[in-house]
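Taking it in order: structure first as C-alpha cells, then the write-up.
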Amino acid sequence: MVTADVREELAESLYAALRDQSPIDRPTAEYDLSISDAYDIQTRLIERRLADGADIVGHKVGLTSDGIQEQLGVNEPDFGRLLDTMFVDGREVPGEELLQPRVEPEIGFVIDEPLDPPVTYLDVLDATGSVLPVVEVIDSRVRDWDIRIEDTIADNASSALYVAGERTSVPKNDLSLEGVKLYKNGTLESSGVGAAVLDHPARSVAWLANTLADLDETIEAGHLVLSGSLTPAVDLAPGDVISVEFTSIGTVNARLSE
C-alpha cells in the first residue's frame with residue numbers, strides 16, 4: 001500500500017486530468033498500488049466531483065469478459081460510481097468532455113429493492129424493476145489507454161458518459177441469450193450476447209452487491225447498474241454515429257459531436 005498523501009496526490013492528478021482534458025502517465029508506472037489503494041483513490045476522486053455538485057445515481061461494472069480479464073491479468077471485475085452528470089440527455093455525446101473515447105453496449109439494471117448478501121443472480125432479477133439498453137462511453141485519463149487494473153479502478157473504472165434507451169420490464173427470455181449488434185456509421189463493428197458478461201449480466205450485478213457489502217456499501221433502491229459490455233469496446237471519433245440494437249430490450253443511437 002502507498003501512503004494516504006500519495007493516494008490524495010493521485011486522486012488530484014486524475015481530477016485535474018478530467019478537468020483540464022490532459023491525460024497523465026499511468027499511476028502504476030511510479031507507484032506500487034494495491035487494489036485497496038486504487039479504490040481509495042477512486043473514492044477521493046469521486047468526492048471531488050460530488051463537491052462540484054454531482055450526485056451518485058448508481059454503479060458501473062467493468063472487466064466482465066474473459067478476454068479483458070486475461071489482458072489485465074485479473075480474475076474478477078471492477079466497479080466505478082455512476083454520477084448524474086455522466087448521463088447524456090439526448091443523443092449528442094459531448095466530445096469536448098472526452099480524451100480518447102470508446103463505446104460499449106450494456107444492459108442497465110434499475111434496482112427497486114435492497115439486495116441483502118449473499119446475493120445470487122436470481123435475487124438480482126427479483127429485485128430489478130426494469131432494464132434498459134445503454135451505450136456506455138468509456139474514456140481514460142491515463143495516456144494512450146496504458147493501464148493496469150489499479151489504474152482503471154483509480155480512474156473510476158475508466159467511466160465517462162452514458163446514453164440510455166427506454167426502460168422495459170425484465171424480459172421473459174434468458175438475458176444470457178440477449179443479443180446485441182453495434183454499428184458505427186452504418187457498418188457492423190461488433191456483436192455479442194449477454195453470456196459474455198460473467199455468463200449472465202445479472203451475475204455482474206450480484207458480484208457488485210456482494211463486493212459493496214464487504215465495503216459497507218449497498219446498491220440503493222432506484223439506482224442504475226451498468227452490468228458490463230457484451231462486446232469489445234469500439235473506438236469513437238468526432239462525428240461517428242453509433243447504433244446499438246438489442247434483441248428484445250431496445251435500441252440506442254448516439255453521435256459524438258465534432
Side-chain angles (χ1 to χ4, degrees), residues 60-74 76-80 82 86-88 91-95 98-109 131-140 142 144-147 149 152 155 157-166 168 171 173-205 207 224-258:
K60 64 150 289 179
V61 184
L63 310 184
T64 53
S65 71
D66 291 339
I68 190 63
Q69 288 186 10
E70 291 172 5
Q71 180 181 341
L72 293 182
V74 298
E76 69 173 19
D78 69 351
F79 72 83
L82 276 188
M86 296 178 184
F87 173 65
V88 176
R91 296 293 177 260
E92 190 83 0
V93 176
L98 303 167
L99 287 166
Q100 42 197 352
R102 298 172 175 174
V103 290
E104 298 178 330
E106 310 206 7
I107 298 175
F109 289 75
V131 295
L132 63 161
V134 175
V135 171
E136 184 185 8
V137 182
I138 59 173
D139 198 7
S140 181
V142 178
D144 299 325
W145 281 97
D146 177 25
I147 56 174
I149 184 173
T152 185
D155 192 22
S158 301
S159 60
L161 304 168
Y162 70 96
V163 184
E166 297 295 325
T168 185
N173 297 333
D174 186 348
L175 281 174
S176 69
L177 302 177
E178 180 75 12
V180 69
K181 294 180 179 180
L182 191 162
Y183 295 87
K184 183 169 75 172
N185 301 325
T187 300
L188 179 64
E189 290 284 331
S190 192
S191 62
V193 295
V197 181
L198 300 184
D199 296 327
H200 193 294
R203 293 187 189 278
S204 169
V205 184
W207 173 86
L224 171 65
V225 178
L226 306 188
S227 56
S229 182
L230 279 65
T231 75
V234 172
D235 290 339
L236 199 59
D240 282 345
V241 175
I242 294 294
S243 180
V244 167
E245 299 177 359
F246 285 88
T247 303
S248 62
I249 67 169
T251 297
V252 183
N253 299 308
R255 178 183 179 275
L256 182 65
S257 66
E258 300 186 56

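- Residues passing the side-chain contact (heavy atoms from CB on, under 4.5 Å) test with E166: none are found, sequence neighbours excluded.
- Each of I107, V134, V61 was evaluated against L226; a single residue qualifies, V134, per the side-chain contact (heavy atoms from CB on, under 4.5 Å) test.
- Remark: the backbone N or O of G179 is paired with a side-chain donor or acceptor of T247 at under 3.5 angstrom.
- Of the N and O atoms on the side chains of S140 and S158, not one donor lies less than 3.5 Å from an acceptor on the other residue.
- Remark: E92 CD to L256 CG distance equals 8.0 Å, nearest 0.5 Å.
- Between the D139 side chain and the L99 main chain, a donor and an acceptor come within less than 3.5 Å of each other.
- For Y162, the ring pair (Phe, Tyr, Trp, His ring centres under 6.0 Å) partners are F87, not counting sequence neighbours.
- Sequence neighbours left out, the pairs with a member in residues 227-236 that pass salt bridge (charged side-chain N to carboxylate O under 4.0 Å, His left out) are R102-D235.
- In this structure, I138 CD1 and W145 CH2 are separated by 3.5 Å, a value rounded to the nearest 0.5 Å.
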Using the side-chain contact (heavy atoms from CB on, under 4.5 Å) rule, take T231 and K181 through it: C-alpha gap first, then chi angles, then the decisive distance, then the call.
-> CA-CA 9 Å; T231 75; K181 294 180 179 180; over 6 Å; no
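- The main-chain N or O of Y183 is never found under 3.5 Å from a side-chain atom of E189 such that the two would form a donor-acceptor pair.
- L82 CG to E136 CD: the interatomic distance, rounded to the nearest 0.5 Å, is 7.0 Å.
- Contact between P171 and L175 at its shortest, heavy atoms only, is CG-CD2, 3.6 Å.
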